[in-house]
Amino acid sequence: MKVMTPHYYKDFRCIAGACTDTCCAGWDVDVDKNSYKYYKTVKGAFGKRLKSVMVPSQDGECTFTLKEGGRCPFLNDDNLCDLYIELGEDKLCETCAEFPRFINDYGNIREIGIAPSCKTAGELMFSYKDELTFDTVEDNSLTPEPNDIDAYTYMQLRQARIVAFGIISDRDISIFERLMLYLNYAKRIQKHLDAERDELIAGVAKRFCGPDYREKLLDKLKSRDTVLPDKLQDGDIVKSKPEVHKSYGTRLIKGLRHFFDDFKGMEVINPDWNIHVARVRQFLDGLADDSELVAAMKDYHAGSEAFAHEYEQLAMYYVYRYMLDAVNDYDVLLKAKNAVIGILAVDIMAAANRVAGQQSDFRKPDFTMRVDIAHLYSRQFEHSYYNYEVYREYFGTKRCYSYEFLMDALVSLN
């Protein structure tokens with residue numbers, strides 16, 4: 001198989017007990033079948049310890065009973081893993097061995113990356129200054145698993161993702177303008193997927209490769225008129241409507257505040273999430289209207305010059321990890337929403353944290369703060385099966401997550 005990784009992936013190293021937020025607390029530990037089978041054979045005192053915390057499931061796997069505070073039963077007082085110490089690294093279950101890595105298999109190609117839910121991974125990701133490239137190597141020890149992926153749709157989406165990478169890494173325009181283009185790009189691809197006209201995806205990708213097309217499209221998107229014909233030709237005049245920016249209410253504030261709503265059964269992976277959500281609500285509730293929000297965000301961005309390349313890397317992570325998954329559910333627009341919502345949420349949380357820091361004595365450097373916030377959001381959104389499924393439903397049904405609202409938010413905050 002071919003194995004693909006982001007260029008910075010090779011530099012990732014777990015810092016174990018030196019980590020300020022262990023990955024061994026806050027969530028269930030799901031143990032795969034092979035590891036469970038082995039753990040049941042372990043003898044002696046440690047074997048008894050293992051058996052005392054393993055809870056079998058119907059699918060032949062098990063989970064570990066967590067200790068008080070949601071800590072893994074094998075996480076010791078030095079924040080090191082007793083199972084690792086006792087049995088060795090090769091005896092870790094898949095969940096523990098892989099985190100914060102993710103693995104996506106597409107036939108004979110395996111894609112591996114790291115998630116910002118780990119602070120060390122987030123620091124590596126956010127500090128990467130170059131335009132992101134990917135490394136590919138052959139690994140003959142891996143064998144492709146059978147799958148039912150539609151090969152034609154897969155190739156169309158794979159080529160479309162290359163264009164998406166180009167959009168996100170276009171540093172001649174702002175990061176919010178890049179997200180506007182990516183969101184609109186995904187919407188156009190979604191139209192053809194819904195119509196079962198996959199062969200038309202290549203045409204969308206080709207148009208979005210053109211700088212003139214993208215420039216004119218951006219003018220149209222920033223006019224708040226998102227209706228643009230697919231066959232926009234070079235030389236076409238796009239009329240802007242700047243007057244739409246003059247009317248301010250609180251629609252943007254209310255919509256963004258809903259990003260941080262609780263819902264029934266919501267799992268809070270890290271209690272710090274509640275602290276940051278409280279700051280966001282205080283920040284947004286203290287604004288008179290959307291014009292004040294826009295001014296506050298622009299002031300934050302002006303004083304935080306590094307945010308653009310950090311958000312670029314975060315957007316590349318979302319595109320790399322999720323866009324091709326549309327070959328399974330045919331919902332590429334949802335994947336683009338994941339990216340836009342995630343970056344908007346991190347941005348609002350970071351601005352709220354900056355305001356809170358100015359009003360107290362705890363101020364963190366912007367880089368450290370954004371890494372911390374991105375890791376909290378990733379854990380909350382990506383590392384709870386229940387939360388993730390609820391958010392997926394919300395992203396497709398709630399008005400604050402609609403294409404129209406997200407595009408308005410990007411235009412306003414640009």
Side-chain angles (χ1 to χ4, degrees), residues 106 148-168 170 173 176-234 236-241 255 315-316 318-344 391-411:
Y106 302 103
D148 56 0
I149 289 176
D150 184 289
Y152 184 77
T153 301
Y154 167 73
M155 290 307 301
Q156 292 288 318
L157 289 174
R158 192 165 194 88
Q159 291 301 311
R161 189 179 65 168
I162 294 173
V163 177
F165 287 147
I167 292 170
I168 297 300
D170 182 2
I173 57 178
F176 292 107
E177 288 174 326
R178 292 176 245 173
L179 292 172
M180 291 177 216
L181 287 173
Y182 175 49
L183 186 62
N184 186 268
Y185 179 55
K187 183 183 181 185
R188 292 168 185 274
I189 294 174
Q190 189 64 52
K191 176 183 176 181
H192 296 318
L193 287 174
D194 291 344
E196 298 183 1
R197 298 293 306 276
D198 299 3
E199 73 276 9
L200 299 178
I201 294 174
V204 177
K206 183 178 180 180
R207 283 190 291 276
F208 271 79
C209 286
D212 289 341
Y213 179 86
R214 295 207 308 225
E215 181 180 354
K216 292 171 183 176
L217 175 55
L218 265 179
D219 286 342
K220 194 71 172 179
L221 295 175
K222 289 189 287 188
S223 76
R224 307 291 185 94
D225 181 0
T226 57
V227 178
L228 188 71
D230 269 344
K231 296 184 179 180
L232 179 68
Q233 301 295 322
D234 291 347
D236 283 358
I237 297 175
V238 179
K239 295 181 179 179
S240 179
K241 299 178 182 177
M316 290 291 281
Y318 278 113
V319 175
Y320 176 59
R321 180 169 187 174
Y322 291 108
M323 186 172 175
L324 273 192
D325 189 48
V327 77
N328 295 309
D329 64 7
Y330 292 84
D331 198 343
V332 75
L333 181 57
L334 175 65
K335 312 305 181 289
K337 285 183 176 183
N338 283 353
V340 172
I341 294 164
I343 291 171
L344 286 175
Y391 280 125
R392 274 176 57 93
E393 180 184 352
Y394 284 0
F395 288 0
T397 58
K398 286 192 174 290
R399 188 176 301 174
C400 66
Y401 299 123
S402 67
Y403 168 88
E404 291 75 16
F405 178 81
L406 296 176
M407 187 63 72
D408 279 352
L410 291 172
V411 170

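Just the heavy atoms: all of them, side chains too, but no hydrogens, waters or symmetry mates, feed the values below.
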Just by modelled atom types, is the [Y] backbone N or O under 3.5 Å from a matching donor or acceptor in the [X] side chain?
| X | Y | value |
| --- | --- | --- |
| Tyr185 | Ala160 | yes |
| Arg214 | Cys209 | no |
| Arg178 | Ile167 | no |
| Gln190 | Tyr330 | yes |

To the nearest 0.5 Å, tell me how far [X] [atom1] sits from [Y] [atom2].
| X | Y | atom1 | atom2 | result |
| --- | --- | --- | --- | --- |
| Gln156 | His192 | CD | NE2 | 10.5 Å |
| Asp198 | Glu196 | CG | CD | 8.0 Å |
| Asp170 | Leu181 | CG | CG | 8.0 Å |
| Leu183 | Phe176 | CG | CZ | 13.5 Å |

Item to check | All salt bridge (Lys or Arg N to Asp or Glu O under 4.0 Å) counterparts of Asp329, not counting sequence neighbours | outcome: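 Expected list: Lys335, Arg392.
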Item to check | Side chains of Tyr403 and Asn184, donor plus acceptor under 3.5 Å | outcome: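 Yes, because at least one side-chain N or O of Tyr403 sits under 3.5 Å from a partner of the opposite role on Asn184.
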Checklist entry - Do the side-chain N and O atoms of Arg158 and Tyr154 include a donor-acceptor pair separated by under 3.5 angstrom? => result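 Yes, because at least one side-chain N or O of Arg158 sits under 3.5 Å from a partner of the opposite role on Tyr154.
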Where do [X] and [Y] come nearest, in terms of heavy atoms and distance?
| X | Y | answer |
| --- | --- | --- |
| Leu334 | Asp331 | N-OD1, 3.1 Å |
| Lys222 | Val411 | O-CG1, 3.9 Å |
| Arg161 | Tyr320 | NH1-O, 3.1 Å |
| Tyr182 | Ala164 | CE1-CB, 3.9 Å |
| Leu410 | Met180 | O-CE, 3.6 Å |
| Gly342 | Tyr318 | CA-OH, 3.7 Å |

Next on the checklist: Between Leu157 and Ile189, is the side chain to side chain contact (heavy atoms under 4.5 Å, CB included) condition met? List the steps.
Outcome noted: CA-CA 9 Å; Leu157 289 174; Ile189 294 174; 4.2 Å; yes
Item to check | Check against side chain to side chain contact (heavy atoms under 4.5 Å, CB included), Thr153 and Ile201 | outcome: CA-CA 9 Å; Thr153 301; Ile201 294 174; 5.5 Å; no
Checklist entry - Can you find a pair of side-chain heavy atoms, one from Asp325 and one from Val332, that are under 4.5 Å apart? => result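 No, every pair of side-chain atoms sits at 4.5 Å or beyond.
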Checklist entry - Taking C-beta and beyond as the side chain, do Ile168 and Leu179 meet within less than 4.5 Å on heavy atoms? => result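 Counting from C-beta outward, Ile168 and Leu179 do come under 4.5 Å.
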Item to check | For Tyr401, all residues meeting ring pair (Phe, Tyr, Trp, His ring centres under 6.0 Å), sequence neighbours excluded | outcome: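 Tyr401: ring pair (Phe, Tyr, Trp, His ring centres under 6.0 Å) contacts with Phe259, Phe395.
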